[in-house]
Each structure stands twice: as C-alpha cells, then as structure tokens.
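Lettering of chains follows the sequences in order, A, B, ..., and the numbering in each one begins at 1.
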Amino acid sequence: MITARGLVQTFHTGRGKNAREVRAVDGVDLDVAEGEVVGFLGPNGAGKTTTLRMLTTLLRPTAGTATVAGYDVVAESVQVRRSIGYVSQVGSTFSGAYAGDEVVDHGMLYGMARVEAVRRGQELFEQLQLDGLWKRMPKNMSGGQKRRLDVVMGLIHDPSLVFLDEPTTGLDPQARANLWDHIEGLRSRLGATVFLTTHYLDEADALADRILIIDQGTIVASDTADNLKAQVSGDLVVLEVSADQVTRAAERLGSIADGVETDGRRVSGRVQRAGRAVPGLLRDLESAGVELDSIEVLRPTLDDVFLTLTGRSLRDAESTPTTEEVSA
Amino acid sequence: MTFVRESNVVFRRQIRMNLRNPAWVLIGIMQPVLYLVLFGPLLKPLVSSFDTGSDNAYTFLVPGLLVQLGMFGAFFAGFGLIGEWREGVIEAERVTPASRSALLVGRLMRDVIQLLVQALILVALGYAMGMRGDAAGIALGIVITLVVGGACAAASNALALTTKSEDVMAPIINIVMMPILLLSGILLPMTLGPEWLQSLSDFMPFKWIVDAVRDSFAGSFGTSSVLWGTVWAVVLAALGTWWGTATFRKENA
C-alpha cells in the first residue's frame, strides 16, 4: 500500500551567515502492506510529520521516491489524493461553520454528489458517535468530538488508506480510549489500511500491528511491538524492602539480574524471563532473611525499546533539539 | 468542468460563512459611506476649481471611492484565510484532488460578489446624494472595479498564505496602501499637484484605474485614461491570480 525509498526532505533555515540546511527526513525506506495498521513512532522533531506530509502529497520530497496506494506521490499526486484519507493534527474544519456542512463540502471536493456526501456523512456521524451534532459548530464541540469530526472528514470518500497524524494528542484519557476504539474499527469495519503517527508508546502498542521507529530523520526499527520488546534484555523486576535490607536485597537480585540499581528502598534490575526466575528469587530472598514489602515485574515498554535502540529515552530525545519539525 | 464545479463548492462554502458573520461586509461598506457623508461636503466648494469637467462633488468622489473600496476591501480578504489556515482547513482542502486554482478562484468569486454588492450600495447612495453619470459608463466603471478588486483579493490571499500571520500582514498592507491612496487621486485630482507629483503619480497603475472609472462614469469611453486603466486592471488581475495560484499550489503552504 505504501512503498518509500530513500525519502529525503531538507529545509533551509536562518539567513546570511546563519543559513544552514536541515535534513528533517534523511533517507527513509518503508513498506506498508494492505490491511496493516502501522504505528509511526518517534520523539517530536524526529521527522514523523514531515514524512507523513510527503506521503500525502502535501510536501514534495527533496529526494527519493514513494508509491502510495499504487501511485507515485509526485507524478500521480491527484490519484494518490483520491485514494487516501488524511486526519491532520491541526484539525480540518472551520470553527464557525456547521460540522455537517464542512463534511459535505469536503466530500464534494472529492467529486461526490451532494446527496451522496450527505448520506455518507450522516452514516459516519453515527458510526463515530456524533449523531445530533450535524448542525453544531466545531467551536462548541469537545476536544474528542472535534477529533472524531476530523476523522469523519478524512473518511468521507471511503479511502482505502488512512493517515492519522497524532490522533489523540491533547485528548483526555476517556476520549482517547474512545478514539482508539474507532481507529481499530477503521480496519475491522472498513477494511482500511492505517498509518498513524504518535509519540505515545502505549498508543502504538495498543493499535499497531507493526511499529516503525524514526529518530533524527531515519528509520531505526520496524517490527511488531512484541519483537521490539524482545530486543530489550529482560523484564524489569522492582523490589521494595525496608531500608536496612537494601544492600542484601540488591546482592540477591544481582545474582540473576543485570544492571541492578537502588533508589531509596527500591531495588531494581533486568531479569531474563522474569516469570520463571521470580519463584527462585523469592526463595533466595527468604533464606537470606530479606522481607519484601512488594515485588513488581514490568514487561519492557516501547520506551525501553527506544532507549535500547538510540541510547536515549523518548523524553530525553524530545528535549534535545535535533532537527526541527515542520508540522505546520 | 470539474474546475467550475470545485470552484463552486469553495465559493458556496465561503458565502455561507460570510452570511453567518456579515460584520466584515458591513465594516467594508462603512468606510466609503463615511467618506461620502463626511468628506463629500468638504469637496463641494472646491470641486469647481478641479479641471475634471464636473462641478458636482459626488460625481467626482464616487468613482474614486469605488476603486478605493475595491482595493481596501479586497486587500483585507486574506485575513480570513489565515484563520482558515490555522484551523487546518487549507491543508484539508489541499489533500483533496480538487484543483489548487479552484481553491483560490472559489474564494475570489466570494470577494468579487461581495464587492459588487458594496459597489451597488455605494453608487445608489452617491446617486441619492446628487451624483450624475452615464448608465453604461457606471456599469463599465463597476466592471473595472471588480477586475481590480479581484486582483487585489488574489494578492491578499497570496500574501496571507505566505506570511501566515495577521501581525505581519497588517503592516505590509498599510505600507502598500498609503502610497496607493496618496498617489492615485482618489480624494483629490492629481492635477492639483505640482508637476513632479503628477509625474510620480503617472507610475501608479491605480491612478490610471481611478481616472478610467471617472471618465467611464462621465460617459467618455475613448480617452487614453480608460484604455490604460483597463489595461492596468487586466494586467493586475493576471498577476494577482498567478501569484495566488502559485501560493496555493506551493508545497508546505
């Protein structure tokens, strides 16, 4: 459904002496199969949105090629636009217009007849739980409703491939979970291929069959969440003990774990196949006279994966200015 | 004919939003009406000394105000576009297969229709206050105004998408408007001025356009002013549309 080879996007920033070339996307190769839900993950400024804008024909690649829905993004941009839906992170409707009007006009720009656009729009309003909001202005909608309206806009012409740019940014947890259900429905109900960018690890984890990780303009990983997590060495085992037993607990944990750290009364380390190792650890601790206040076993998160792949945590990667993201 | 159809979709959407919030249209018409009511009387005792062949203040003033309305009103058309851009509307339209020119032309159609309504109000009011003119000439004058207004609206839309900021756009418009207002003889004929000022104003396309509309209102169609004014109006319209389409087509706009 999507094939990209060597995509590059450079921007020029600064003037005169400060002029320099920024490579926001620096040779991206990616493939997405029909029916796949792919999560495109990376810190802010990694090149997610820029890549997305090239794939959706909004930005002409500086170099490289991309085929989307069977068409070349440069030479056949109109056919690409006809085949894809795009839900941008900034919104798509005017705050002072009726939601239904915006949706119908949008459908008509895709060449749909008015009655057809109205029928399809009302169907989508129902599916996305916006019934009764046809004559509501976006400025009077909640964040979650507005985002679902953006999804309706992106789906009005029945695209076979849907791009979602940071779909749940800024939503409260409930609206977020609700939108996740709808995104899952894109494939299960509509059979669409979905390509979504996010910088939330749990979002990629929950929605995507496969995760692409981009950092500083290049793809650093592409695999299922489980396989990516398997690259992280082991599960995190966290023990909590009384202060005078910390050293002994660390010693015992150290016999089976790597990278043991203590933090106050907490002792943690990475253990291969923690599920099998923990019973032995418990016996060991007991015979050493360590009394546990609590024990926790944490499966690796995508944050751990990012750390393993790049040597930085996602949060650190966001605070270090690398290449600037042109999201606008 | 998809282009016409797409332009129409954009146009009807814009008109619907305008009708829902007509404040801008009213503000646009208020300015020339105030000139007419508050500045017109000042011209009355002076107008006989103008060599424009008319001793009627309103016959002199209305054509100038008409062009001013076309320019000023249209120059501000782009401000609405910045709001739309900020809310993601432009981007949403640009991911559809619609022609990029249609996205601009639909908006220009709204600006020109709005200008036509304002022009008719202005001419009717002027007529009520004593303006006299040739009917066909008034019609031609309004057409020239609409062409110029379309050009200015296209430039304004292009400027809006280029700057993407009201704060940057407002001073630019001010800087452009001042010399146009002063050198095009809208309020007083340039012939009152010293030679150097008149020569300077000869380089101002809008002076020719104002003179063209004035001559046209008077029913003298064969003057060089009408010819040059019409040529300038068409040239400006072509340039404005070209610039506007280029910005809508440009990636990353």
Side-chain angles (χ1 to χ4, degrees), chain A residues 9 11 50 52-62 73-74 76-98 101-114 117 137-139 146 149-150 153-154 156-157 159 163 165 326-328, chain B residues 1-24 79-107 109-110 160-165 168 246-253:
Chain A
Q9 186 68 49
F11 295 107
T50 307
L52 199 69
R53 289 171 59 83
M54 287 192 278
L55 294 177
T56 52
T57 76
L58 290 170
L59 198 59
R60 182 186 286 257
T62 312
V73 290
V74 177
E76 301 163 306
S77 56
V78 173
Q79 286 93 325
V80 172
R81 288 177 194 136
R82 232 184 275 286
S83 321
I84 63 168
Y86 175 56
V87 181
S88 121
Q89 56 175 308
V90 287
S92 55
T93 53
F94 187 65
S95 53
Y98 289 151
D101 287 344
E102 291 291 75
V103 168
V104 171
D105 281 343
H106 200 60
M108 289 177 75
L109 283 182
Y110 279 102
M112 298 169 80
R114 169 171 294 278
M137 291 181 181
K139 66 179 171 196
K146 218 181 305 183
L149 177 60
D150 291 332
M153 294 281 280
I156 187 71
H157 57 296
F163 290 89
D165 194 8
V326 177
S327 57
Chain B
M1 281 293 91
T2 40
F3 176 78
V4 175
R5 195 184 157 276
E6 288 162 358
S7 303
N8 252 315
V9 172
V10 176
F11 168 66
R12 270 184 297 121
R13 174 173 178 277
Q14 294 291 334
I15 284 289
R16 201 186 305 130
M17 294 194 307
N18 262 20
L19 291 178
R20 203 158 289 153
N21 183 9
W24 277 110
F79 280 95
L81 194 65
I82 298 178
E84 286 194 86
W85 172 78
R86 198 171 285 134
E87 298 197 325
V89 175
I90 306 301
E91 182 128 312
E93 288 181 354
R94 289 176 72 249
V95 286
T96 72
S99 140
R100 268 83 265 259
S101 312
L103 301 181
L104 173 73
V105 169
R107 290 179 165 81
M109 282 157 68
R110 166 208 60 191
L161 269 195
T162 308
T163 62
K164 291 173 186 146
S165 155
V168 177
T247 44
F248 264 92
R249 185 163 294 156
K250 201 177 66 186
E251 292 85 13
N252 208 21

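Between Val95(B) and Arg81(A), the closest heavy-atom pair is O-CB, 3.3 Å. Between Val78(A) and Pro97(B), the shortest heavy-atom distance links the atoms CG1-CB, 3.8 Å. Closest approach of Met17(B) to Ala97(A), counting heavy atoms only: SD-CB, 4.2 Å.
For Arg13(B), the parts lying near chain A are the backbone and the side chain together; criterion is any non-hydrogen pair under 4.5 Å. For Met137(A), the part lying under 4.5 angstrom from a heavy atom of chain B is the side chain only.
The distance from atom CG of Asp105(A) to atom CG of Asn8(B), rounded to the nearest 0.5 Å, is 11.0 Å. If you take OG1 on Thr93(A) and CD on Glu84(B), they are separated by 11.0 Å, rounding to the nearest 0.5 Å.
Between Tyr98(A) and Arg16(B), the closest side-chain pair of non-hydrogen atoms is not below 4.5 Å. For the pair Met108(A) and Arg12(B), the minimum side-chain heavy-atom distance is below 4.5 Å. With contacts defined as side-chain heavy-atom distances shorter than 4.5 Å, the pair Glu91(B)/Arg53(A) qualifies. Inter-residue side-chain proximity for Thr96(B) and His106(A) is flagged as met; some heavy-atom pair is nearer than 4.5 Å.
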